[in-house]
2 protein chains.
Amino acid sequence: MTTGLAHAELIAVLSAVTGDEPRVMTVRSGNALPSGPFELEHRSLQAGLREWVRDQTGHPVGYLEQLYTFADRDRTRENAEVRTISISYLGLVREQAAPGARSPGWHGWYEYFPWEDHRRGRPDVLSCIVEGLQGWVAAEPARREHRQRRVDFTFGLEGAAWNEDLTLQRYELMYEAGLVTEAGSPAHDGQGREMFADHRRILATGIARLRAKIKYRPVVFELMPESFTLLQLQRTVEALAGLTLHKPNFRRLIDQQELIEETGETTSETGGRPAKLFRYRYAVLEERALAGSKLPLSRN
Amino acid sequence: MTTGLAHAELIAVLSAVTGDEPRVMTVRSGNALPSGPFELEHRSLQAGLREWVRDQTGHPVGYLEQLYTFADRDRTRENAEVRTISISYLGLVREQAAPGARSPGWHGWYEYFPWEDHRRGRPDVLSCIVEGLQGWVAAEPARREHRQRRVDFTFGLEGAAWNEDLTLQRYELMYEAGLVTEAGSPAHDGQGREMFADHRRILATGIARLRAKIKYRPVVFELMPESFTLLQLQRTVEALAGLTLHKPNFRRLIDQQELIEETGETTSETGGRPAKLFRYRYAVLEERALAGSKLPLSRN
DNA sequence: CCTTTTATACTCGAAATGAGTATATCCGGC
DNA sequence: GCCGGATATACTCATTTCGAGTATAAAAGG
């Protein structure tokens with residue numbers, strides 16, 4: 001009988017931003033994402049993951065969102081009778097202190113994806129990657145044009161702008177072209193650190209999701225301390241997006257959205273003129289239709 | 001041993017728009033969404049669902065996107081040894097003709113969610129629902145204020161605008177307040193048709209996802225015939241959003257996005273002056289960074 | 001007290017948006 | 001053959017938002 005019996009596994013992409021660097025919680029010295037089986041006693045998938053992370057790492061998880069579920073025939077198990085279903089989650093945590101029982105490791109996103117950080121200009125690795133992709137483009141003459149357009153679009157070449165949201169598409173394109181490898185294949189140097197099985201792909205999914213989400217939902221605040229300066233907030237967004245932002249316009253955007261309010265205090269730890277401290281207005285969660293309509297509505 | 005053995009089940013929300021009415025494919029005379037077990041011979045979850053739908057209904061599925069995965073302890077199975085993991089997908093199909101072996105049924109979204117269709121003004125059911133919700137708000141004095149804000153925001157009361165994207169939140173709020181029921185509980189009249197198990201909740205998830213998505217990704221075209229008029233396109237978007245749109249501005253929006261091009265032909269089936277026919281420019285898929293940055297970028 | 005550094009405030013033209021009006025082209029009846 | 005009803009398409013205009021840049025304020029250090 002072929003009825004769908006499967007192992008269920010939960011995998012977490014837990015991120016924080018410390019010192020203007022976005023980081024992810026890892027196990028096995030940075031080679032894998034934390035994961036564990038979904039057990040019978042768990043109330044729900046989300047609850048299962050929460051408990052599991054708390055037990056393993058001592059970290060409280062604030063925001064938690066499902067990322068993706070997939071089932072591949074053959075991964076670690078050779079057994080064809082039972083398949084593994086992997087359910088991945090994206091979680092945001094405020095700090096990385098307080099390590100629990102088996103203290104987790106934290107690693108910068110851009111160790112795994114060095115081409116994704118454009119804060120100090122276009123990374124050098126990119127020229128290397130694009131060169132490799134050109135080989136792939138040329139490899140199949142029939143699809144040449146199509147592949148070229150795909151590369152140009154995904155990596156922001158030929159007049160197209162770099163789109164930070166396309167992290168996953170870029171990774172998948174590189175994977176298709178044989179420029180990056182998953183688990184166990186021969187390594188490519190300088191194109192980012194590898195991870196166990198498809199964990200690097202899952203991390204790419206998480207990064208892409210978070211980069212898209214910060215634009216229309218106030219999730220950045222899950223990563224901020226209780227009070228913060230406007231520049232700290234900007235640096236955090238920049239770290240996630242891998243881009244530098246226009247300071248005056250960023251501030252205008254923030255305050256016209258009325259997401260934050262002054263605490264009344266200031267800090268002079270920043271060097272020059274003391275900066276006002278702000279806090280997130282939790283009230284917005286239930287107050288406003290965040291992300292307006294974008295459809296041209298009619299009266300009546 | 002408590003290791004995570006589970007049944008995997010695939011559930012599909014397949015939607016089409018016919019005659020300006022958004023519809024969903026159902027089985028059991030509209031009481032359930034099509035679903036089936038994930039089998040060992042399937043290459044992947046998505047492939048499994050595709051095959052399965054084709055076999056069962058003879059329908060080709062174009063666009064297909066994962067919706068949500070959940071695991072509940074006790075649904076149909078009383079057995080505590082094995083749990084069911086349900087993986088739901090949203091699919092868009094172009095037509096509803098050509099029924100396959102066991103021809104599927106099609107039912108309008110708004111049979112299940114009559115309060116979600118605002119094209120002909122605020123539906124009457126809404127006053128009924130809001131009244132019911134007021135009872136729930138008053139029921140627990142300690143949380144009164146919080147609940148009231150949540151109701152006002154979710155249903156667009158007290159100056160807040162109706163937000164068509166909140167379909168799922170509205171359903172969940174009504175569920176929490178005991179106004180709608182899932183499988184087998186006593187029925188509430190006039191508050192929409194019920195469905196088997198949690199299928200109605202899954203449908204709400206699909207509707208919400210699609211309503212959000214049409215705003216920043218050109219997925220509507222998956223529901224359109226090869227060539228169409230601008231008004232047909234507008235009516236389709238309106239059907240999905242459950243809202244009426246401003247015609248001149250809708251057209252401006254469409255053509256400044258350069259998503260479509262004229263076929264050169266016209267149709268006079270519409271009554272008055274013949275309308276130009278358009279077709280979707282598939283090139284856009286690989287051409288442009290759809291959905292611009294929204295972050296205030298800086299030079300350099 | 002002047003320079004450096006960071007913070008905050010203001011300006012201005014270009015583009016997008018909300019709302020409405022005007023013109024074109026067909027059909028059917030007279 | 002012409003006129004009104006119906007639908008399609010085109011244009012206008014004030015307002016808001018957005019990209020980009022400049023100016024002023026308040027601390028620290030020599």
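Throughout, a chain's letter reflects where its sequence line sits, starting with A, and its residues are numbered from 1.
Separation of atoms CG (L92(A)) and CD1 (I214(A)) is listed at 10.5 Å; rounding is to 0.5 Å.
Annotation for E265(B): atom CD does not count as buried by contact number, only 12 or fewer foreign heavy atoms lying within 6.0 Å.
If you check distances only, the side chain of R273(B) never reaches the base of dG5(D) with a donor-acceptor pair under 3.5 Å.
Side-chain contact check for T263(B) and S227(B): no donor-acceptor pair (N or O, by modelled atom type) lies under 3.5 Å. Checking E238(A) against T244(A) by side-chain atom types alone, no donor-acceptor pair falls below 3.5 Å. No donor-acceptor contact under 3.5 angstrom links the side chains of T18(A) and W106(A), judged on distance only.
Between Q257(B) atom CD and dA16(C) atom P the separation is 11 Å, expressed in whole Å. The interatomic distance linking F250(A) (CZ) with dA7(C) (P) rounds to 13 Å, in whole Å. Atom-to-atom, CD of Q232(B) to C1' of dA8(D) comes out at 13 Å; the value is rounded to the nearest Å. The distance from atom CD of Q234(A) to atom P of dT6(C) is 13 Å, rounded to the nearest whole Å. The CG atom of L245(B) sits 11 Å away from the P atom of dG18(C) (whole-angstrom rounding). Going from atom CG of L295(B) over to atom P of dC18(D) covers 12 Å, rounded to whole Å. As a whole-Å value, the separation of L297(B) CG from dA20(D) P is 8 Å. Distance NZ (K294(B)) to C1' (dT17(D)): 11 Å, rounded to an integer number of Å.
Between K247(B) and dT21(C), a side-chain N or O to OP1/OP2 separation shorter than 4.0 Å is absent. Taking only side-chain nitrogens and oxygens, Q256(B) never comes nearer than 4.0 Å to OP1 or OP2 of dA15(C).
With the nearest nucleotide of DNA chain D identified for both R252(B) and P248(A), R252(B) has the one nearer the 5' end. Remark on DNA chain C: of its neighbouring residues S268(B) and D255(A), the 5'-side contact belongs to D255(A), judged by nearest-heavy-atom nucleotide. Residue R251(B) is the one, among L253(A) and R251(B), whose nearest nucleotide of DNA chain D lies closer to the 5' end (criterion: closest heavy atom).
In the set dG21(D), dT9(D), dA19(C), the nucleotide with an atom closest to the side chain of K276(B) is dT9(D). Taking every side-chain heavy atom of N249(A) into account, dA20(D) is the closest of dA20(D), dA19(C), dA7(C). Picking from dT8(C), dA7(C), dA8(D) the nucleotide with the shortest atom distance to the side chain of L231(B) gives dA8(D).
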